[in-house]
S.K.: 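Here you go, one structure.
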Amino acid sequence: MTAAAAPDPQALDPQALQALEQKFDPEMRFRPLLPPAAWIVPALLVALSLFHYYTAGFGLLQEVTHRGVHLAFVLGLIFLVFPLRAAILTRTPSASRAAPGGLPWYDWLLAGGVAVAVLYVPWTFDDLAFRVGNPNPLDVAMGTLLMLALLEATRRCMGPALPLIAIAFMVYALAGPVFPGLLQHAGASWSQLVNHQVLTSQGIYGVAVGVVATFVFHFVLFGVLATRIGLGQLFLDLASAIAGRYAGGPAKVSVFASALFGMLSGSSVANAVTVGSLTIPAMIRVGYRREFAGAVEAASSTGGQITPPVLGAAAFLMVEFLALPYRTIIIAAIVPAFMHFFGVFMQVHFEAKRYGLRGLSPQEMPDLRASLRQRWPTLLPLALLIGLLVGGRTPYLAAFAGISSCIIVGLTTQASGNRARHWALFAGLHLVLALISFGDFESQSLRLGIFIAAAVATPLLCQALGVRGRINGPALREAFETGAKYALAVGAAAATVGIVIGVVTLTGVGFKLSTIVTGAATGVAGGLTSIIPLAWASPATLALVVALVMTALVCILLGCGVPTTATYIIMVTVAAPTLVQMGVEPLVAHFFVFYYGVLADITPPVAIAAYAAAGMAGSDPFKTGNMAFRLGLAKALVPFVFVFSPAMLIVAKGFTLSEFAVTVSGCLVGIVFLAAALSRYMLVEMRRWEQLLCGLGALLMVAPGLLSTAVGLVVATPVVLAQIGRRRSGLAAV
């Protein structure tokens, strides 16, 4: 795509934005349907959402059954929702005997076949204990069908990269004796591979699918419902009121809005399209270059996956892998997420000052008081969700309460002109929700009975009292349908990554790769000791730095073609053990690979968030991606900071207030100087020597430790003095 072919950013409508999402994010490429498929598929999607909503509030099923039902729905629906080829989306659907409802017969067959293959394991679970390790022919046939259908389903909703990685790992498992050196192993037969991947909890039915089925789905659904009731718009209005009036206001609004909206959505592309549809045209109007406008939104939007409390799906996987409470993950993410947005904000500020860009005029600003009066009830579901998570409740119970509160707010409160009966129904239903969520019932059936009674009575009471809310029944059904659609791709990715994990546990390749990486890092560090004085860094420290750089590069390269969740799982399986072996705390190692997986969304050549933003800005995608990477450099530096100073994560072992203060203050000051160096502007435009000194000083300040921060300040001081002098004399850079 070229800049000339891009749409006018001020002409974008919801259909154009949806087209952009479909173009740049394979997870959003939903095909149009005709009856009867147009009735059947939405009904199945709503049923999937209701299944997770019910189990979140009233108890999960037996582990393998719960995962099986979830996966049967997800994989079956993928064949009905995603076409065989993306080109089919541009055609007008037509129904025929071979394509009922516009869906080819083979997609109906694949949907039914994969559902049967998935449910085969929970259906025969009681007998599997006697066959694990010695599968019968039917086990192998069903397992083969499941694995092949899973790879095709993942290709449809995410592209070919992840299935190809899974196939490569499967080949490695089957052809072990062929590989040289440490990578060689005894090899496995096809039946042994199917046995391990399907009949045990080490593969497809493993922890990744379990986390999506237990946690992730619910938070995706919560984000969709919270947006539908108006919380996203409230965040946009709040961001505009906070930052809109200042220099370069729309870009600063983009940063704040993306940070707030990130609490609801863990998708970089969804954030970029939703927030960028408003902020990118405004940035261009006040004078920002198109590439810069798109880059600001892309860089800000990637922060959504690292912003508490929702984060991305990877955060819930951390809960399982590290056996830590979710609130611990939330607390650990706070400061690094702030550093990312602070880094983007400072570059935006310096860019605005450099070019003299204005803020929003009073006429362009939203009326915050009016917005709060209309939409303040929409804050309650998020407050309830955060309160339960911080209070130590299970994430799925917190999500159940948040989703229920969204439904109550949507059905019982108006955008304006609230009346007493609205508030009475609003308060009464929240009291019932509190009773269901926290009441101590001797009988679970009584608790369920109260819920069913409230669910049946609510629409009747709304009709009897004349209560018309922000959303109605059809809108609520659409939200449940859309929430399920958005969760399909991550469900398939989790199952496919299960194949990778299964091969790692079957062959032990994770430990072998750790040995290879550790040896390579130690060798490179040995060469660096002849250049770098030992007083500056020990050989062990240099080896760790090399290993971190190698891990970061692999995360970025892998993330260019694989979603963040899958990147995180793969890297945690094969790379995090290396970092732990070299002395990095497990929580820190997991956050390191998580952050670099997210960074891939704004790293060319496959920067999907940047390319989506470029489509809205009408800018060159590659230039926008390069600019977005520059704006996100703070995110690239911060993981190295918390590896060497885990105090930044607050909950890491060895936390001390003094170390935290030194690390965070040095990082903040360093990010300011780094932003100035990258923007070539502080108080006036920088000369080249000022830019170089400022950048060097910034890196030293960002590096944890009082000494490095002090040295960095000394290095950057001449720049500050020169800038002050030229500002006073009015001299420009030459």
Side-chain angles (χ1 to χ4, degrees), residues 303 305-309 311-312 314-315 317-343 390 514 517-518 521 525 536-552 555 568 571-572 575-599 633-671 699-709 712:
Q305 295 189 66
I306 60 173
T307 304
L311 297 161
L317 289 158
M318 281 192 209
V319 172
E320 292 296 309
F321 286 137
L322 297 172
L324 292 173
Y326 188 65
R327 62 180 174 183
T328 301
I329 306 300
I330 291 175
I331 294 170
I334 292 172
V335 177
F338 173 80
M339 292 297 178
H340 166 68
F341 289 109
F342 182 68
V390 174
S514 293
V517 172
T518 303
W536 290 12
S538 66
T541 301
L542 287 174
L544 177 57
V545 171
V546 173
L548 290 171
V549 171
M550 293 169 64
T551 303
C555 283
Y568 166 76
M571 293 306 296
V572 159
T578 304
L579 302 182
V580 173
Q581 185 180 338
M582 300 182 78
V584 179
E585 186 182 339
L587 174 65
V588 177
H590 281 238
F591 261 91
F592 185 89
V593 299
F594 173 39
Y595 268 57
Y596 271 100
V598 172
L599 191 65
L633 272 179
K635 187 190 289 185
L637 293 176
V638 166
F640 283 86
V641 176
F642 61 62
V643 165
F644 289 98
S645 182
M648 177 178 276
L649 299 184
I650 303 176
V651 292
K653 293 178 182 177
F655 170 85
T656 63
L657 190 58
S658 59
E659 184 183 355
F660 175 80
V662 169
T663 300
V664 171
S665 58
C667 200
L668 286 172
V669 177
I671 285 174
L699 292 176
L700 290 169
M701 286 180 249
V702 169
L706 194 56
L707 179 60
S708 63
T709 300

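Positions are given from 1, in the same order as the sequence printed here.
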S.K.: Considering non-hydrogen atoms only, spot the tightest contact between Val651 and Leu587 and give its length.
M.R.: CG2-CD2, 3.8 Å

S.K.: Taking only residues two or more places apart in sequence, or in another chain, which ones meet Val702 in a side chain to side chain contact (heavy atoms under 4.5 Å, CB included)?
M.R.: Leu637, Val641, Cys667

S.K.: Quick one: CD1 on Ile650 to CG on Leu657, what's the gap to the nearest 0.5 Å?
M.R.: 10.5 Å

S.K.: Keeping the roles fixed (side chain from Glu585, backbone from Lys653), state whether a donor-acceptor pair exists under 3.5 Å.
M.R.: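 Answer holds: yes.
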
S.K.: For Ala333, enumerate each residue passing the side chain to side chain contact (heavy atoms under 4.5 Å, CB included) test, keeping only those at least two apart in sequence or located in another chain.
M.R.: Pro308, Leu311, Phe591

S.K.: Could you tell me which residues satisfy ring-ring contact (aromatic ring centres under 6.0 Å, His included) with Phe642, sequence neighbours excluded, listed by chain and number?
M.R.: Tyr595

S.K.: Do Val669 and Thr709 have side chains that get closer than 4.5 Å, going by heavy atoms?
M.R.: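 No. Closest side-chain heavy atoms not under 4.5 Å.
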
S.K.: Test of understanding: with ring-ring contact (aromatic ring centres under 6.0 Å, His included), list the residues that count as partners of Phe644, not counting sequence neighbours.
M.R.: none

S.K.: My understanding is that only residues two or more places apart in sequence, or in another chain, count here; which of them pass side-chain hydrogen bond (donor to acceptor under 3.5 Å, both in side chains) with Ser708?
M.R.: none

S.K.: Return the set of residues passing side chain to side chain contact (heavy atoms under 4.5 Å, CB included) with Leu706 (not counting sequence neighbours), or none when no residue passes.
M.R.: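 Residues passing side chain to side chain contact (heavy atoms under 4.5 Å, CB included) with Leu706: Val662.
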
S.K.: Applying ring-ring contact (aromatic ring centres under 6.0 Å, His included), name anything that partners Phe321, two or more places apart in sequence or on another chain.
M.R.: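 ring-ring contact (aromatic ring centres under 6.0 Å, His included) check on Phe321 returns nothing, list empty.
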
S.K.: Heavy-atom distance under 4.5 Å between the side chains of Val572 and His590, does that happen here?
M.R.: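 Yes; the side chains approach each other to less than 4.5 Å.
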
S.K.: List in chain and number order the residues that pass ring-ring contact (aromatic ring centres under 6.0 Å, His included) with Phe342, two or more places apart in sequence or in another chain; answer none if no residue qualifies.
M.R.: Phe338

S.K.: Could you report the tightest heavy-atom contact between Ser514 and Gln581, atom names first, then the distance?
M.R.: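 Smallest heavy-atom distance, with atoms named: CB-OE1, 3.8 Å.
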
S.K.: How close do Gly712 and Met701 get, counting heavy atoms only, and between which atoms?
M.R.: O-CE, 3.5 Å

S.K.: Could you go through the side-chain contact (heavy atoms from CB on, under 4.5 Å) check for His340 and Val638 one step at a time?
M.R.: CA-CA 8 Å; His340 166 68; Val638 166; over 6 Å; no

S.K.: Hey, could you give me the CG/CD1 distance between Leu649 and Ile334, rounded to the nearest 0.5 Å?
M.R.: 11.0 Å

S.K.: Quick one: side-chain hydrogen bond (donor to acceptor under 3.5 Å, both in side chains) partners of Ser645, sequence neighbours excluded?
M.R.: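 Once residues adjacent in sequence are excluded, the partners of Ser645 under the side-chain hydrogen bond (donor to acceptor under 3.5 Å, both in side chains) criterion are Glu659, Thr663.
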
S.K.: Output yes when a side-chain donor or acceptor of Tyr596 lies under 3.5 Å from a complementary backbone atom of Ala636, and no otherwise.
M.R.: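 The answer is yes, because a donor-acceptor pair under 3.5 Å joins these two groups.
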
S.K.: Give me the one residue out of Val545, Thr578, Val517 that meets side chain to side chain contact (heavy atoms under 4.5 Å, CB included) with Met550.
M.R.: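 So the option named by the test is Val517.
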
S.K.: I'd like to check the side chain to side chain contact (heavy atoms under 4.5 Å, CB included) partners of Val584; sequence neighbours left out, ordered by chain and number.
M.R.: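 Scan of Val584 (side chain to side chain contact (heavy atoms under 4.5 Å, CB included), adjacent residues dropped) gives Leu544, Leu579, Val588, Ala589, Val643.
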
S.K.: Can you see which heavy atom on Met571 is nearest to which on Val593, and at what distance?
M.R.: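 It is CB-CB, 4.0 Å.
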
S.K.: Which pair of heavy atoms, one from Ala521 and one from Val546, lies closest together, and at what distance?
M.R.: CA-CG1, 3.8 Å

